[in-house]
Participant: 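Just dropping this structure here.
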Amino acid sequence: MATLESLRFNNAFRRLPPAFYTPMACSPLPDAKLLHINTSVARLLGLDASELERNDLAAILSGAQAWPGTEPLAMVYAGHQFGIYNPELGDGRGMLLGQVQTSSGLWDLHLKGSGRTPYSRMGDGRAVLRSSLREYLASQAMQGLGIPTSLALCLLGSQAPVQREQRETAAQILRVAPGHLRFGHFEHFFYRGEHEPLAQLADHALEHYLPKLLEQAHPYEALLHEVVVRTADLMAAWQSVGFAHGVMNTDNMALLGYTLDYGPYAFMDSYEPGLISNHSDEGGRYAFHRQASIALWNLNALAHAFSPLMKQQALIATLQAYEPRFLTSYQHRMQNKLGLQQTLPGDEVLIADLLQWMAQSSVDYNCFFRALCDFKDSSPWAYRDELIDPAGWERWSQRYLDRLKLESTDVDARQRQMQTCNPKFVLRNYLAQRAIEAAEQGDMRETDLLIKLLSSPFDEHPGHDDYAAPPPEWGRHLDISCSS
Ligand code: AMP
Ligand code: MG
């Protein structure tokens, strides 16, 4: 087991030429306190449990005290924001502290809220407690659901004031992720006509994260194909759990296909395909039901940036893999949610009709699927009493029962399987809001409990059914803005 200092830092990104970043020190948060630490992430890094008890832990993790082995830098990137190219992005309030090689892989340590950088533009380089805690919780929620995501080792808070719509206090999270390459990194070099660093970036991704692809005849094509496949799978995963990201700009898209940059996201309550989780997204560009096609739009932007590296024919062919992959991946996830082992003709329509009925009758998305695990034809189904359209349910459920009879799986085995893919606990916005309000008063118990529940969201956690319930009236449709 490692100490903070004995982690095997290789800082691979820092070995790239200076055009990729600005080396610089963090501006420590005054008097930063450790508000919460995620022990499962610490274990992933191979940190010894006693390291988490160190007196100087907050000082080191917040950037106030030197952390031997780290070589902090701010990355430069660009990106399409709401469809418009912005050439001037980069780590404006975060820094890559270093990269560590562990038995679980190569991990980036990125301190978010670490002060101004050359890419801060008009920003103050800080993050507020509210948004930092939302990211801290959401990372664990996604990880618990088995969906690729950045993680967070810890949450740090301080009394330092930060001005947003109102005065708030500053916070930091130490983000842990398998690389921070974004689609926007490639766009940065492409739009500047700098094709050599563009190739270096692709080589870097291949060498450090996807070395197997170097054995292929056309590694750049293989890389783009891998991004297409992973992104399609990620979209299928988001759609199947009812997650709306909110800001799918190309600078928030991870090359390695994991969820990155949690802002005004939502795990939906009642099923609402057109849900817009970002209060500032007036046109609904990033509405829930547009995510799969927006991801393809973003992949197009990435493919455009890859054009100096590949023949046009190959680019087109690679992008064409997206749609069938997404559809298959989504279908597979939804079938699992329904406890169907095989894919049979008619399944697609059965699922589409279910979703249509759910939308019309405002059924809570995750509660419904969890309750469906207990549905049998032989006994009354308790959840039926909560439906506002029981007649619509009777019509659909009869078709579902007929479909189930085409398979030989026994009821108990099916229920057990369904319970492993229909979560009982998701990070509803109102739960995050309650944890924020408590944390702002210095009370981290709510955060602590949520981290526990969300770490194993498929388990029953007796005594905590209220955390699995739809929101109370005040918690519906909370306005979550981009301001963070
Ligand atoms: P986001 O919307 O959080 O993905 O951020 C978009 C861009 O704005 C990125 O380049 C961020 O680094 C930058 N940014 C966001 N908030 C701040 C801030 N408070 N200070 C400096 N830069 C920021
Ligand atoms: Mg971002």
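Start at 1 and go down the list; that is how both ligands and their atoms are numbered. The structure presented is a predicted model; accordingly, all values stated were derived computationally and were not measured. For the numbers below, each heavy atom of this structure counts, side chains included, while hydrogens, waters and symmetry mates do not. Starting from 1, each residue takes its place in the sequence as its number.
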Participant: Tell me the closest heavy-atom pair linking L181 and A205, and the distance in Å.
Facilitator: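 Heavy-atom minimum between the residues: CD1-CB, 3.7 Å.
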Participant: For atom NE2 of H332, decide whether the heavy atoms of other residues, nucleotides or ligands shown that lie under 6.0 angstrom number more than 12.
Facilitator: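 Open.
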Participant: Any idea which N/O/S atom from D261 gets closest to the Mg ion (ligand 2)?
Facilitator: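 In D261, the N, O or S atom with the shortest distance to the Mg ion (ligand 2) is OD2.
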Participant: N/O to N/O below 3.5 Å, does that happen between R126 and ligand 1?
Facilitator: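 Yes, since at least one N or O of R126 sits under 3.5 Å from an N or O of ligand 1.
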Participant: Could you label the plane-to-plane angle of the Y136 and H36 rings as parallel, tilted or perpendicular, counting under 30° as parallel and over 60° as perpendicular?
Facilitator: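 Perpendicular: the ring planes of Y136 and H36 meet at over 60°.
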Participant: Looking only at protein heavy atoms, which one is nearest to atom 19 (N) of ligand 1, and what is the separation?
Facilitator: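 Ranking protein heavy atoms by distance from atom 19 (N) of ligand 1, first comes D124 OD1, 3.0 Å.
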Participant: How are the rings of Y85 and Y191 set relative to one another: parallel (under 30°), tilted (30 to 60°) or perpendicular (over 60°)?
Facilitator: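 Answer is tilted, since the angle falls between 30° and 60°.
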Participant: Would one find an N or O of S484, backbone or side chain, under 3.5 Å from an N or O of ligand 1?
Facilitator: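 No, S484 has no N/O under 3.5 Å of an N/O on ligand 1.
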Participant: Which distance, rounded to the nearest 0.5 Å, do you find between the CG of L296 and the CG of L302?
Facilitator: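 These two atoms lie 11.5 Å from each other.
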Participant: Quick one: look up the protein heavy atom nearest atom 15 (C) of ligand 1 and list residue, atom name and how far away it is.
Facilitator: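 Answer for atom 15 (C) of ligand 1: R93 NE, 3.6 Å.
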Participant: Write out the residue and atom name of the closest protein heavy atom to atom 12 (O) of ligand 1, then the distance separating them to 0.1 Å.
Facilitator: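 The closest heavy atom on the protein side is G92 N, 2.8 Å.
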Participant: Answer with yes or no whether R164 contacts ligand 1, where contact means a heavy atom under 4.0 Å from a ligand atom.
Facilitator: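 Distance cut 4.0 Å: R164 passes for ligand 1.
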Participant: Counting from 1, what ligand 1 atoms have a heavy atom of R121 closer than 4.0 Å?
Facilitator: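 Contacts of ligand 1 toward R121, numbered from 1: 7 (C), 8 (O), 13 (C).
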Participant: Need the ligand 1 atom indices (1-based, order shown) with element for anything under 4.0 Å from a heavy-atom of D261.
Facilitator: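 Counting atoms of ligand 1 from 1, those under 4.0 Å from D261 are 4 (O).
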Participant: Please list the nearest protein heavy atom to atom 4 (O) of ligand 1 with its residue and the distance rounded to 0.1 Å.
Facilitator: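 For atom 4 (O) of ligand 1, the nearest protein heavy atom is N252 OD1, 3.0 Å.
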Participant: Mark up the atoms of ligand 1 that fall under 4.0 Å of a heavy atom belonging to S120, in ascending order.
Facilitator: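 Answer for ligand 1: 21 (C), 22 (N).
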Participant: Measure the acute angle between the ring planes of F13 and Y21, then classify it against the limits of 30° and 60° as parallel, tilted or perpendicular.
Facilitator: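 It falls in the tilted class, 30° to 60°.
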Participant: Are any of the N/O atoms on G125, whether in the backbone or the side chain, positioned under 3.5 angstrom from an N/O atom of ligand 1?
Facilitator: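 Yes, since at least one N or O of G125 sits under 3.5 Å from an N or O of ligand 1.
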Participant: Is there a side-chain contact between S483 and R130 (heavy atoms, below 4.5 Å)?
Facilitator: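 S483 reaches R130 side chain to side chain.
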Participant: More than 12 non-hydrogen atoms from neighbouring residues, nucleotides or ligands closer than 6.0 Å to CD on Q163, yes or no?
Facilitator: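 Above 12, so yes.
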Participant: Can an N or O of L89 be found at a distance shorter than 3.5 Å from an N or O of ligand 1?
Facilitator: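 It does not: no N or O of L89 is found under 3.5 Å from an N or O of ligand 1.
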Participant: Using a distance-only test with no angle check, is there a side-chain donor-acceptor pair under 3.5 angstrom linking E272 and H477?
Facilitator: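 Judged by distance alone, the side chains do pair up.
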Participant: For a distance under 2.8 Å, tell me if N249 has an N/O/S atom near the Mg ion (ligand 2).
Facilitator: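 Given the 2.8 Å cut-off, N249 does not count as a ligand of the Mg ion (ligand 2).
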Participant: What is the nearest protein non-hydrogen atom to atom 11 (C) of ligand 1, stated with its residue, atom name and distance?
Facilitator: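 Protein heavy atom at minimum distance: G90 O, 3.9 Å.
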Participant: With heavy-atom distances below 4.5 Å as the criterion, would you say the side chains of Y77 and D91 are in contact?
Facilitator: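 Yes; the side chains approach each other to less than 4.5 Å.
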Participant: For atom 5 (O) of ligand 1, grab the closest protein heavy atom and report residue, atom and distance to one decimal in Å.
Facilitator: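 The answer is D251 OD2, 4.8 Å.
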